[in-house]
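If you're wondering where the values come from, they're calculated on a predicted model, not measured in any experiment.
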Amino acid sequence: QVQLVESGGGLVQAGGSLRLSCAASGSTFSMTAIGWYRQAPGKQRELVAAISRLGSITYVDSVKGRFTISRDNTKNTVYLQMSSLKPEDTAVYYCNVGRYLAYSGSYRSGDYWGQGTQVTVSS
C-alpha cells in the first residue's frame with residue numbers, strides 16, 4: 001500500500017504562482033506513476049497532470065504552458081509548479097498513484113489518494 005500527503009495550497013491573486021507537493025510513503029516510490037487531479041465545487045474531479053516512473057509527462061490542455069509536473073525520487077515527492085494562475089484553477093488538488101500508458105501518453109487513476117490541498121485564485 002501507499003500513503004499520499006498533499007501540501008502547498010493557499011490563496012493567490014490571478015497571475016500568481018504556487019507549488020504543490022505530494023509526498024508518498026509505503027511502497028517503492030520510484031516504481032510508481034503519479035497524477036495530480038483537481039475538483040471544484042459542483043464539478044467532477046479532473047486530471048491536471050501526470051508523470052510516469054521514468055519521467056514521461058502529460059497535461060490537460062487547459063494548463064499546458066502554465067503548470068509543470070516533476071518528481072524527485074530521492075525525496076519520494078512529486079511537485080506541481082503552477083504559474084499564471086486563473087480563477088478557474090480554484091479547486092481542491094489531489095495526488096493519486098496510478099498507471100501511465102506510454103503508448104497513448106495518458107494516465108489512469110488507481111485506488112490511492114491523498115487528502116487534498118485547497119488552491120484559491122482571486123480575481
At what distance, to the nearest 0.5 angstrom, does [atom1] of [X] lie from [atom2] of [Y]?
| X | Y | atom1 | atom2 | value |
| --- | --- | --- | --- | --- |
| R66 | S84 | CZ | OG | 7.0 Å |
| L85 | S122 | CG | OG | 10.0 Å |
| Q81 | L20 | CD | CG | 8.5 Å |
| R99 | T32 | CZ | OG1 | 12.5 Å |
| D72 | Y79 | CG | OH | 5.0 Å |
| I51 | T68 | CD1 | OG1 | 10.5 Å |

query: Near Y112 OH, under 6.0 Å, is it more than 12 heavy atoms from other residues, nucleotides or ligands?
result: no
Is a donor on one side and an acceptor on the other found under 3.5 Å between the side chain of [X] and the backbone of [Y]?
| X | Y | answer |
| --- | --- | --- |
| T90 | V121 | yes |
| Q118 | G9 | no |
| T77 | K75 | yes |

task: Step by step, work out the side-chain contact (heavy atoms from CB on, under 4.5 Å) result for Y59 and I57.
output: CA-CA 7 Å; Y59 298 100; I57 293 168; 3.3 Å; yes
Heavy-atom closest contact ([X] atom, [Y] atom, distance):
| X | Y | value |
| --- | --- | --- |
| V78 | W36 | CG1-NE1, 3.7 Å |
| P87 | S123 | CG-CB, 3.6 Å |
| A49 | L80 | CB-CD1, 4.1 Å |

Side-chain donor-acceptor distances from residues 37-48 under 3.5 Å, at least two apart:
{"from": "R38", "atom 1": "NE", "to": "E46", "atom 2": "OE2", "distance (Å)": "2.8"}
{"from": "R38", "atom 1": "NH1", "to": "D89", "atom 2": "OD1", "distance (Å)": "2.9"}
{"from": "R38", "atom 1": "NH1", "to": "Y93", "atom 2": "OH", "distance (Å)": "3.0"}
{"from": "R38", "atom 1": "NH2", "to": "E46", "atom 2": "OE2", "distance (Å)": "3.2"}
{"from": "Q39", "atom 1": "OE1", "to": "R45", "atom 2": "NE", "distance (Å)": "3.4"}
{"from": "Q39", "atom 1": "OE1", "to": "R45", "atom 2": "NH2", "distance (Å)": "3.3"}
{"from": "Q39", "atom 1": "NE2", "to": "K43", "atom 2": "O", "distance (Å)": "3.2"}

field: Candidate pair W113 and L4, rule side-chain contact (heavy atoms from CB on, under 4.5 Å), full reasoning
entry: CA-CA 6 Å; W113 298 85; L4 303 171; 5.5 Å; no
Derivation of the side-chain contact (heavy atoms from CB on, under 4.5 Å) call for S109 and N96: CA-CA 6 Å; S109 64; N96 168 261; 3.4 Å; yes
field: Criterion side-chain contact (heavy atoms from CB on, under 4.5 Å) on M82 and S17, from CA distance to verdict
entry: CA-CA 5 Å; M82 306 183 294; S17 299; over 6 Å; no
message: Same cluster or not: V92 versus L18, using hydrophobic residues (I, L, V, M, F, W, Y) connected whenever any side-chain heavy atoms lie under 4.5 Å apart?
response: no
- request: Find out if a path of hydrophobic residues (ILVMFWY) with successive side-chain heavy-atom gaps under 4.5 Å connects I69 to F67.
  value: yes
- prompt: Do T58 and Y100 come within less than 4.5 Å of each other through their side chains, counting heavy atoms only?
  reply: yes
